[in-house]
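Structure record follows, encoded as structure tokens.
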Amino acid sequence: MWSWDTKPNSHAQRKFIELIFDRTGKYPNWDPPSEILVRVISDPHRLSLHVDVEQVGSYGRIDKATGNLIPQGSIYSDDFKNHLVGAGINPESGEHLPEDCPEESEFTTWSKHVKQIELNVDSQAVPEIATAAIKGTWKVKKGTAGAVLLMSHPRMKRISSDALGKLAKIRLLQSMHLVTKVFHCPAFSMHLSDTSGESFSMALLGSAPIVAPVGTVDVMATMRWWSDTQTGLERNGCKTEHCYTPLYELLHVRHPRNRRSSPSPVRTGEMLWIAPPLPWAPLLEDGTEIPIYIHDTDSSDSEPEQG
């Protein structure tokens, strides 16, 4: 039977990104423990001098082969301050710094050929299912690949709309993609199904709280992901800190229309930006690229017609 592991030409990472992007307009991070960090060189003659800066505000381009963002800089680097001043932003004011949004209890999304059905988990086999923080059973349409992304207690950092309006004036950013929002969470789970039409369940289970050692004031609950998936690919993580970044928003500056008969509408702030399309053609359900055949129409290779 076909699976993601047995098809060498399948691009599982790009397929997962494609499916989640289609539903959310945002890029999932196939490797959530990895921060989108930028190496900022302060002195080109001292290549060892660098700092890793916060991922919100990173700019760069998407790698077509992997779907990963390849950062080329950050709006928070010292080298970028002159650009900020030119756009009317005082770097010392902090107006361009990311905002912290309120924490949500959960974030769940799945691709268009997936639907959530009635929970189908044996409570005797999984006794913690009744009190699971996140739980569900999903059904994937046969013949299609499906993607599910779950986050527990996500917090979002974002660049304000006013700051984005000013950043859109910077010529350098007009040829780049900018990370404008990032979701951080302490627990995530992602699943990419094959095309067998599977049904599967996933849940974030918790046990009774464990009192921390004497001398500390934190009380932690042991959490773990459980699933009964038999096919496809699954990735998850669970910690107490908001250390995972499963989802981020990537925007680029809108370019004005050239048609004089249909002028561009007046836009301000975040409306000056738009989500860039994926840098690859839609993949087949098994994650392979659509083959392109070039038909040779060179007349020199054909025999002349007989009169």
Do the side chains of [Y] and [X] get nearer than 4.5 Å, heavy atoms only?
X: Pro186; Y: Met223; result: no
X: Ile75; Y: Leu178; result: yes
X: Ile117; Y: Asn120; result: no
X: Arg224; Y: Cys238; result: no
X: Leu150; Y: Leu204; result: no
X: Phe200; Y: Val140; result: yes

When rounded to the nearest 0.5 angstrom, what distance separates [atom1] in [X] from [atom2] in [Y]?
X: Asn29; Y: Ile20; atom1: CG; atom2: CD1; answer: 12.5 Å
X: Arg235; Y: Asp31; atom1: CZ; atom2: CG; answer: 5.0 Å
X: Arg14; Y: Ile62; atom1: CZ; atom2: CD1; answer: 11.5 Å
X: Asp100; Y: Arg155; atom1: CG; atom2: CZ; answer: 8.5 Å
X: Arg23; Y: Trp110; atom1: CZ; atom2: CH2; answer: 9.0 Å
X: Met176; Y: Ile170; atom1: CE; atom2: CD1; answer: 12.0 Å

At their closest point, which heavy atom of [X] faces which heavy atom of [Y], and how far apart are they?
X: Ile89; Y: Ala163; value: CD1-O, 4.3 Å
X: Leu19; Y: Ser111; value: CB-CB, 3.8 Å
X: Trp273; Y: Gly269; value: CD1-O, 3.8 Å
X: Pro28; Y: Lys26; value: CD-O, 3.5 Å
X: Trp225; Y: Gly237; value: NE1-O, 3.0 Å

Can you name the one residue among Glu106, Glu103, His184 that meets side-chain hydrogen bond (donor to acceptor under 3.5 Å, both in side chains) with His153?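 That would be Glu103; it is the only one of Glu106, Glu103, His184 passing the side-chain hydrogen bond (donor to acceptor under 3.5 Å, both in side chains) with His153.
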Run Ser161 and Met271 through side-chain contact (heavy atoms from CB on, under 4.5 Å) and show every step you take. CA-CA 8 Å; Ser161 180; Met271 295 176 62; over 6 Å; no
Indicate whether the side chain of [X] and that of [Y] have a donor and an acceptor atom separated by less than 3.5 Å.
X: Glu18; Y: His11; result: no
X: Gln13; Y: Asn68; result: yes
X: Ser160; Y: Asp162; result: no
X: Thr229; Y: Glu234; result: yes
X: Trp280; Y: Glu289; result: no
X: Thr288; Y: Asn9; result: no
X: Ser77; Y: Asp79; result: no

Flag if over 12 foreign heavy atoms under 6.0 Å of CG, Asp122: yes
In chain order, what residues pass the ring-ring contact (aromatic ring centres under 6.0 Å, His included) check against [X], with sequence neighbours excluded?
X: Trp226; result: none
X: His252; result: His177
X: Phe21; result: Tyr27

Aromatic ring proximity Phe183/Phe188, centre distance under 6.0 Å: no
Residues forming a side-chain hydrogen bond (donor to acceptor under 3.5 Å, both in side chains) with Glu249, sequence neighbours excluded: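 Only Thr180 meet the side-chain hydrogen bond (donor to acceptor under 3.5 Å, both in side chains) criterion with Glu249.
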side-chain hydrogen bond (donor to acceptor under 3.5 Å, both in side chains) involving Asn90 - partner list, sequence neighbours excluded: none
Can you get from Leu251 to Ile70 by hopping between Ile, Leu, Val, Met, Phe, Trp and Tyr side chains that sit under 4.5 Å apart?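 Result: no, two separate clusters.
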Verify the cluster assignment for Leu172 and Leu164: are they in a single hydrophobic cluster under the rule of side-chain heavy atoms below 4.5 Å apart?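 Same hydrophobic cluster.
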Can a donor-acceptor pair be found, under 3.5 Å and without considering hydrogens, that links the side chain of Ser10 to the backbone of Asp286? yes
Ionic contact status for Glu270 with Lys181, cut-off 4.0 Å: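 Judged by the 4.0 Å cut-off on N to carboxylate O distance, Lys181 and Glu270 do form a salt bridge.
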Where at least one partner belongs to residues 131-152, residue pairs that pass side-chain hydrogen bond (donor to acceptor under 3.5 Å, both in side chains), sequence neighbours excluded: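 Counting only pairs at least two positions apart or across chains, the side-chain hydrogen bond (donor to acceptor under 3.5 Å, both in side chains) contacts touching residues 131-152 are Thr137-Ser201.
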